[in-house]
Each structure stands twice: as C-alpha cells, then as structure tokens.
2 protein chains.
Amino acid sequence: MPAQPSHTPTPATPDPGPEALRADARENRERILRAAREAYALHGIDVPISAIARRAGVGVATLYRRFPTRTSLITEAFTEQLTECAGALDEALEDPDPWRGFCTVVRKVCAMQAADRGFTHAFLARFPGDTAYAGELDRAEEGLALLVRRAKEAGALRPDFDVSDVVLALLANNGVAKGAGPESAAASRRLVGYLLESFRAGPATGPLPPPAELELDRLGGTG
Amino acid sequence: MPAQPSHTPTPATPDPGPEALRADARENRERILRAAREAYALHGIDVPISAIARRAGVGVATLYRRFPTRTSLITEAFTEQLTECAGALDEALEDPDPWRGFCTVVRKVCAMQAADRGFTHAFLARFPGDTAYAGELDRAEEGLALLVRRAKEAGALRPDFDVSDVVLALLANNGVAKGAGPESAAASRRLVGYLLESFRAGPATGPLPPPAELELDRLGGTG
DNA sequence: CGGTAAACGGACGATCCCTTCCACTTAGCC
DNA sequence: GGCTAAGTGGAAGGGATCGTCCGTTTACCG
C-alpha cells in the first residue's frame with residue numbers, strides 16, 4: 001500500500017465512512033449491500049463479485065472501490081445479522097429462566113443459519129485483521145458462558161455440557177441447513193429439537209464423549 | 001458420442017474394464033485411485049485433477065483417459081468406502097440387539113465421515129446417470145428402515161423417530177466433521193453421543209418438530 | 001528382435017473468477 | 001451555468017482449473 005499524498009484532510013483513514021460519500025455513491029453502496037445480502041442468502045458466499053455487481057445494477061469497479069476486498073464486503077453485509085445475534089444473546093441473558101433463554105438463542109441463531117446460506121460462513125470464517133468481528137465474538141463467548149453457567153446452576157442444563165457444545169450445535173446445524181429449500185429449515189428445526197433435548201439435564205444421561213476444543217474461529221475454514 | 005467402428009469385440013462397453021488393460025496402464029490406474037483417495041481424504045473432493053495426477057506420478061492425460069469425467073473418478077475412488085458402509089449396515093442387521101446395531105452403524109458411518117473429508121461429499125452427491133450408486137442407496141435405505149423399525153419395536157428407539165433422521169444425523173455430523181484436524185473427529189464423536197442419546201426412547205421426551213423430507217440424494221448439492 | 005497399437009505426458013485452448021486501470025460522466029459548490 | 005473532483009462502467013491483466021490434442025514412448029505378441 002503506497003503512501004498517501006502528503007496532506008489530505010483524512011490522513012489515516014482510507015475509508016471516509018458511508019456518510020461522507022456523495023449522494024449517488026451512498027445510494028449505490030446500499031444497493032450493493034442489499035444485492036450482496038440477497039445473493040449470499042440464496043447462493044452462499046461463493047457467488048462471484050460480478051454477479052453481485054450485476055444484481056446491484058452497478059459496475060464491478062464501483063463495488064471494488066467501496067469494498068476493496070472480498071471479505072470487507074462480506075463483513076459489512078453480515079454485520080446486521082451479527083448484531084441481531086448479539087441482541088438475541090442479550091435478550092436471553094435477561095430472561096429470568098436461563099434454560100428458556102438458552103433454548104431461545106440457540107433456536108434463533110440456528111434458524112438464521114437455515115434461512116441464510118451465507119450467514120454461517122460469514123459467522124464462522126475468520127477474517128484476518130478484522131477487529132470488529134473479533135470484539136463481537138469475544139463478547140458473545142463471554143455472554144454465552146454466563147448463560148450456560150446459569151442454566152446449569154438452575155439444574156436445567158446437563159452438568160457435563162460444555163460451552164463449545166454450542167459451537168458444535170451451530171456446526172451441526174450448518175451441515176443440515178446448507179440445502180437451499182424450505183425442507184432444510186424444517187430439518188434444522190428438528191435437529192435443534194433433538195439437540196436441545198439431549199442438552200437438557202435428565203435422569204438417565206450416560207457418559208458422553210469428551211468435548212472437542214472447538215473455537216468459533218479456526219472452523220468453517222476450508223469445507 | 002459417435003458410433004463405434006462396426007465390429008469391435010466389445011461393441012457396447014466403452015470401458016473395457018480394469019482387467020483388460022495393459023500391465024502398466026492397470027498399475028497407473030491403481031496409483032491414480034490411491035492418490036485420489038488420499039487427496040480426497042485430506043482436502044475434500046475439490047482438489048484439482050492435476051494435483052491428483054501429480055501425486056500419482058502420471059500425466060493429466062493418463063488420468064483423463066482412465067476416468068473421463070471428474071465424477072467417474074470420485075465414484076470409483078469411494079466405492080470401497082461405500083461397500084464398507086453397506087457391510088456395517090448388514091452387520092447391524094444381524095445384531096440381536098437392534099438398538100446396539102443402530103448405534104454401531106451410526107457411529108461407524110459418522111466416524112468415516114470424520115476421518116475422510118471427501119467421503120460425505122461423494123456419499124451424498126448425486127451423480128447423474130450413475131446406476132451403481134443408486135442401487136446401493138436403495139438397498140441401504142431399505143436395510144435402514146428395517147433396522148429402525150426393529151429398534152422401535154424393541155422399545156429402544158423413540159417412536160417419533162423417522163428414517164430420515166438418520167440422514168439428518170449424517171448431515172449434522174458432516175457439518176461438524178468438515179474441519180480437518182483430530183478435534184473434528186472428537187467433535188463428531190461428541191455430537192453422535194448427543195444425538196444417539198436423544199434418539200433413544202426415554203420417559204420425558206417432549207414433542208419434536210416434524211421430520212423434514214430428507215432424501216439421501218437431493219442433498220449435499222451446492223453447499 | 002521388431003512392429004504395432006495402446007499408453008503416456010506436457011502443452012494448449014477455453015472458461016471462470018478476482019482485481020486493476022482508464023476514459024467518460026455527474027453531483028455538488030461557487 | 002460551469003468547474004472540479006468524486007464517481008462510474010467496461011475492458012483488460014493475471015491466475016487457476018478443466019478437458020483435449022498430439023508427438024513420443026513402451027508393453028506385448030509373433
């Protein structure tokens with residue numbers, strides 16, 4: 001990355017932010033994001049950039065100037081949904097019944113996975129150098145750990161449940177939800193039903209294989 | 001496909017079969033299959049043909065003459081494992097305890113998924129016009145249905161279990177097993193532990209979301 | 001041992017995708 | 001209204017993979 005001309009008004013920020021854009025550019029930026037969300041939801045994050053540009057009715061160059069890298073577009077496109085996830089977690093933490101909160105958040109995130117083919121990929125993929133994601137993820141993991149602890153203390157979640165089992169559930173659900181149609185949504189619901197049932201503390205739970213050391217990053221990489 | 005010369009000894013079979021090959025060609029064919037299995041296990045079925053050829057120590061043309069299409073190579077490479085699956089199912093059917101048989105076959109196939117990155121893809125992907133697969137699949141589904149019925153009658157498998165839930169489990173497991181390392185094998189084992197527990201007939205099982213109309217084909221397509 | 005056809009390998013054209021470049025257009029300010 | 005810089009679209013460069021072609025090599029048979 002070459003040095004900027006010596007005295008631009010914004011020396012350290014290559015991205016002036018969406019508000020500083022010219023009106024038409026801001027409009028196009030929104031169109032691109034909308035198109036990207038639609039395309040990702042329908043076809044996963046593997047859709048060519050050119051397809052997104054075409055769907056947005058702009059040229060490829062326009063897209064690239066606004067989102068210099070592929071990942072920056074993906075990141076931006078899914079920020080909304082990530083926020084929604086974080087909100088779901090916050091709501092769950094406010095529920096007086098921690099088990100109900102736990103179920104709700106798991107159901108919600110899994111339903112989002114099933115509804116949007118690209119979501120999990122964006123959710124699980126580690127974007128190098130992307131600090132916004134990292135912060136959210138850390139916060140989410142903290143909140144999740146708290147929720148799990150409370151649900152266990154309430155005697156509703158089985159004691160040998162591990163926080164990483166949430167990731168396990170998300171990955172499993174992702175495997176089911178990848179198919180496009182409405183039946184994959186149904187399949188996802190049924191899987192979550194099974195899983196939540198086995199997560200619940202019960203009388204006759206036998207020993208379980210040990211939890212894998214799953215992290216929210218490190219996963220969803222190459223598959 | 002143009003007509004053959006009028007009177008070849010094998011008029012209807014474009015593939016003379018591995019035995020009729022020249023010695024060096026047969027040797028190379030085996031090398032290619034071995035290389036393909038290794039590569040698929042390590043990196044999934046997305047590895048370039050050229051990489052497999054290189055690994056096998058042959059040129060690309062050699063590979064293409066033996067396996068005219070990408071899928072023909074994949075099909076051939078995974079036949080062995082499919083046979084193993086069928087064998088596992090047969091064994092399970094001979095087990096006097098249908099529940100134990102059921103658990104064993106689920107664990108086995110899921111472990112194979114976790115051990116071999118390409119396996120599920122080859123297992124679930126529908127290859128148009130591939131009759132060998134179709135026959136095996138039909139047989140497998142029959143056997144599975146029988147096993148499930150027996151396990152239910154024995155009172156070990158919950159009554160609202162559906163045969164398609166096996167596919168559900170495989171897809172879920174696939175989502176977990178996609179990561180390469182040993183921890184994905186551990187994750188797979190743990191998931192299967194959870195799932196089998198929730199599949200087991202128990203006292204306090206609440207209502208479950210309805211089964212999706214999952215078929216062994218139609219899935220694993222585009223994701 | 002020599003001939004022939006099968007088999008071989010590397011190079012090649014086609015296709016797809018990402019990314020950059022450049023000449024033209026247009027919004028926003030004076 | 002006109003100037004300027006931001007913005008735009010399409011074309012072109014670069015990389016990867018698929019599948020084919022063709023001149024060369026080699027196994028097998030007589």
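Letters go in sequence order (proteins before strands), and every chain restarts at 1.
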Worksheet item: Is any side-chain N of the basic residue among B:Arg31 and B:Glu27 closer than 4.0 Å to the acidic one's carboxylate O?
Response: yes

Worksheet item: Can you check the B:Arg26 CZ to C:dA6 P distance for me, whole Å?
Response: 16 Å

Worksheet item: When all nucleic acid strands are considered with a 4.0 Å heavy-atom cut-off, which category describes B:Ala25: base, sugar-phosphate, or nothing?
Response: sugar-phosphate

Worksheet, complete the sentence: Per atom distances to the A:Tyr64 side chain, the nearest of C:dC8, D:dC18, C:dT19 is C:dT19

Worksheet, complete the sentence: Taken to the nearest whole Å, CZ/A:Arg29 to C1'/D:dA6 is 16 Å

Discussion item. Using whole Å, what does the distance between atom C1' of nucleotide C:dC18 and atom CZ of A:Phe67 come to?
Written reply: 17 Å

Item to complete: Under 4.0 Å between any heavy atoms, over every strand shown, what does A:Arg70 touch: base, sugar-phosphate, or nothing? Just pick one.
Response: sugar-phosphate

Discussion item. Classify A:Val60 by what it touches in the nucleic acid, base, sugar-phosphate, or nothing, heavy-atom distance under 4.0 Å.
Written reply: base

Fill in: Ion pair A:Glu80/A:Arg37, N-O distance below 4.0 Å
yes

Discussion item. If you assign B:Ser50 and B:Arg65 each to the DNA chain D nucleotide with the nearest heavy atom, which residue ends up on the more 5' nucleotide?
Written reply: B:Ser50

Fill in: Closest nucleotide among C:dA7, C:dT19, D:dT20 to the B:Leu21 side chain
C:dA7

Discussion item. Salt bridge check, A:Glu76 against A:Arg29: does any charged N sit closer than 4.0 Å to a carboxylate O?
Written reply: yes

Item to complete: Kindly indicate, with the supporting measurements, whether the criterion side-chain contact (heavy atoms from CB on, under 4.5 Å) is fulfilled by B:Tyr194 and B:Phe199.
Response: CA-CA 9 Å; B:Tyr194 273 129; B:Phe199 288 164; over 6 Å; no

Worksheet item: Under 4.0 angstrom, heavy atoms only, what part of the nucleic acid is A:Ala23 near: base, sugar-phosphate, or nothing?
Response: sugar-phosphate

Item to complete: Counting heavy atoms from C-beta on, name the nucleotide in C:dA27, D:dT17, C:dA5 closest to the side chain of B:Pro48.
Response: D:dT17

Practice prompt. Find the distance B:Ile52:CD1 to D:dC18:P and express it as a whole number of Å.
Written response: 9 Å

Worksheet, complete the sentence: Comparing nearest nucleotides in DNA chain D, the 5'-proximal residue of the pair B:Ala61, A:Gly59 is A:Gly59

Worksheet entry | A:Asp165 side chain to A:Asp162 backbone, donor-acceptor under 3.5 Å | yes

Worksheet item: Is there a donor and acceptor pair, one atom on the side chain of B:Arg22 and one on the base of C:dA6, closer than 3.5 Å?
Response: yes

Item to complete: Looking only at side-chain atoms of A:Asp24, point me to the closest of C:dC8, D:dG19, D:dG7.
Response: D:dG7

Worksheet, complete the sentence: In whole angstroms, the gap separating P of C:dC17 from CG of A:Leu63 amounts to 15 Å

Worksheet item: Just how far, in rounded Å, is P of D:dT17 from CG of B:Leu73?
Response: 16 Å

Worksheet item: Please give, in whole Å, the distance from C:dG9 P to B:Arg31 CZ?
Response: 8 Å

